[in-house]
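These notes are about the structure you will find just below.
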Amino acid sequence: MASAAQRRPTVLVVVSTAFLVLWLLAAAFPFLWTAWGSFKVELDFFSISNWTNALTGEATENTYRRPFTGAGYEGAWVQEEFWRAALNTAVVCFFVVCTSLTIGTLGGYALSRSNHNYVFWLLIAALIFRAMPPITLVSGYLPPFFQWNLWGYLPTAIIVLVAINQPFTLWMLHSFFQKIPKDLDESARVDGCTQFEAFRFVIIPVMWPGVITTGLFSFLLAYNDFAVTAMLLNENNRTMVPKIAAFLGTTYTEGNVMFAVAASVSAVIPLFLLVMVFQRQIVSGLTAGAVKG
Amino acid sequence: MKHRTFFWFFLPTGLAMLIFIAAPIVSVVMQSLFVPHEAVLVETENCGPFGCTTAVAVDQDATEQLRAEQPLGRFAGLEIYLDRGHLAFGEIAEAWLITTSLGEFFSELGDLPFYRALSFTLTYTFVVTPLLIALGFAIALAVNSLTQKIKGFVIFFSLLPMIVTPLVGSLILFWMIDSRGVLGTLIQYLADDQTLSLKASTSLMWCALIIYGIWSSAPFAFVVFYAGLQTVPQDTLESARIDGATRWQQVRYVVLPHLMPLVTFVALIQLMDNFRVFEPIVGFNASAHAQSLSWIIFNDLGGETRQLSAAATTSVLTIIGVAILLSPVLVRTWRDFKGKA
């Protein structure tokens, strides 16, 4: 590989490395800085007198006699009951991922195994729905939800998120199922299976890599959503992201920004672990639609 | 697959999309054409020994009856579309007549909420998209020349800005760029201006939002381009090298043309996604300086007075905007489909 003609000139290596270091700093430094600062008091986190205080924790030491404090976390999780929001997020994410994968695999499989004209139009409709900003749909949800007393509950938000998720799920799974050879389920059909049996016994065992990748993106959508959950859930059922937004409204006045900082760091940690474990799947999922198009 | 089998397989997902996406769109369009009934008022005259007084009261029965008869509300046609909060043609015509210079006219236009939001949304969309593509491409080229061992590590950290919740990501950046934060202090120091603050300056706020946009979306472009770089035909690169092409010429005339379909793909996806910019405005607490169409909808829907009609109208206008941005994608998909058939 490293022939003389291909070896990169030193200047290029230096510039390219410096650029990458700069980018990594931009990508990772904010998270590290905020995670470090979340164990300080507000005076240190915002370096009002001297920015090095954020590193050494001078004001924190004056208050707690230690350079680190869990006061922000305690305030958010115990006092403001952030655990309730975390629990709600867990429930919402679990059910959104399960439901949207169940109905999505059925639909995506059907789309990939049928070559009638309407398949194209269904995919186009899904593409249009995918492009729609979810917030534009919310004013359509509110009147019926209020009238039938559905507003504010977790199941309502879950169903809405599942539906908003479907267009993307269908496209991903459709292109994924197309890569599974048709001979597989056709031979099962020849052996006397119904279409559903062929799906159940032949396709399901081999579909997991694609389903896991799709599931990751469903999870991210449900976990990261702000517009829909903030509008459709009442105060007790709030998930983490609207809860953090609600912290901002009240805490900026009370001077408890550290609650919001601690809550934000807490919300990032699961995502951090997710990327660590599923990096390969996320990368392949992002490129799945692109490389073939 | 038979129509019947297809139908049963597709029913659950189709139903979900029909009820929770298609039906709400219809409902949003209807809401934008109707306004809620006002309460029916009756004037009653109370005559006592000291003369007569008239009192205005809400006629509950009549109001109920009116609402039951026309549950959609009073038909308003395009009235809401043309009011001051939306397209405001009347105000524009007036401003056109009154103002003497083009600059003055545009500043009048900037006072109208819809146009203010539209100008920010479009600026954001069309500044962020090309820049993030350029940054993503540069990162992809740089990462591609690394050794296998470091690659995984670099990709891991590069993914973070994209994966993290948009609201949380923008908050984390905001706390640093804020005039009390570490980057804000650094900027004040570099500019030698203690009063420099994000909250006080519209142009700084726009820059910060745009930087957030690039930061959070560049990883997507990076990952797509990086995958594309693995498929660049090595033969072509080698023959270019033998012909004496410099490194830059190899990128310009071999790699870039090969990645062009991916560039189009990323551009189209990102145009659609950037058009819905919303969370950073909440996270940066920027609504005094920058508003987007999504933010206006959110603002109308929230609070004590849920202005459904106003929100629905902005929603319809936003959907039209998305449709315009989407049309090239649709044309492309149609061509693909025709090509396959």
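Note on naming: letters A, B, ... go to the chains in the order of the sequence lines (proteins, then strands), and numbering restarts at 1 for each one. All values below were derived from every heavy atom in this structure, side-chain atoms included, with hydrogens, water molecules and symmetry-related copies excluded.
Listed for the Trp215(B) side chain is a donor-acceptor partner under 3.5 Å among the backbone atoms of Ala26(A). Formation of a donor-acceptor pair under 3.5 Å by the Arg276(B) side chain with backbone atoms of Ala131(A) is found in this model. Listed for the Asn224(A) side chain is a donor-acceptor partner under 3.5 Å among the backbone atoms of Ile163(B). Remark: side-chain polar atoms of Gln31(B) are paired, donor with acceptor, to backbone N or O of Ser139(A) under 3.5 angstrom.
Only the side chain of Val119(A) comes within less than 4.5 Å of a heavy atom in chain B; its backbone stays farther off. Using a 4.5 Å cut-off between heavy atoms, Met30(B) does not touch chain A at all. With a 4.5 Å cut-off on non-hydrogen atoms, Phe226(A) touches chain B through its backbone and its side chain both. Residue contact with chain B, scored on non-hydrogen atoms closer than 4.5 Å, involves the backbone and the side chain of Ile135(A) alike. Using a 4.5 Å cut-off between heavy atoms, Thr34(A) touches chain B through its side chain atoms alone.
The aromatic rings of Tyr118(A) and His3(B) sit tilted relative to each other, their planes meeting at an angle between 30° and 60°. Ring planes of Phe9(B) and Phe199(A): perpendicular class, angle over 60° (limits at 30 and 60°).
Across all non-hydrogen atoms, the minimal contact from Val28(B) to Leu137(A) is CG2-O, 4.4 Å.
Residues from residues 17-27 of chain B that place a non-hydrogen atom less than 4.5 Å from a non-hydrogen atom of chain A comprise Met17(B), Phe20(B), Ile21(B), Ala22(B), Pro24(B), Ile25(B), Ser27(B), given in numerical order.
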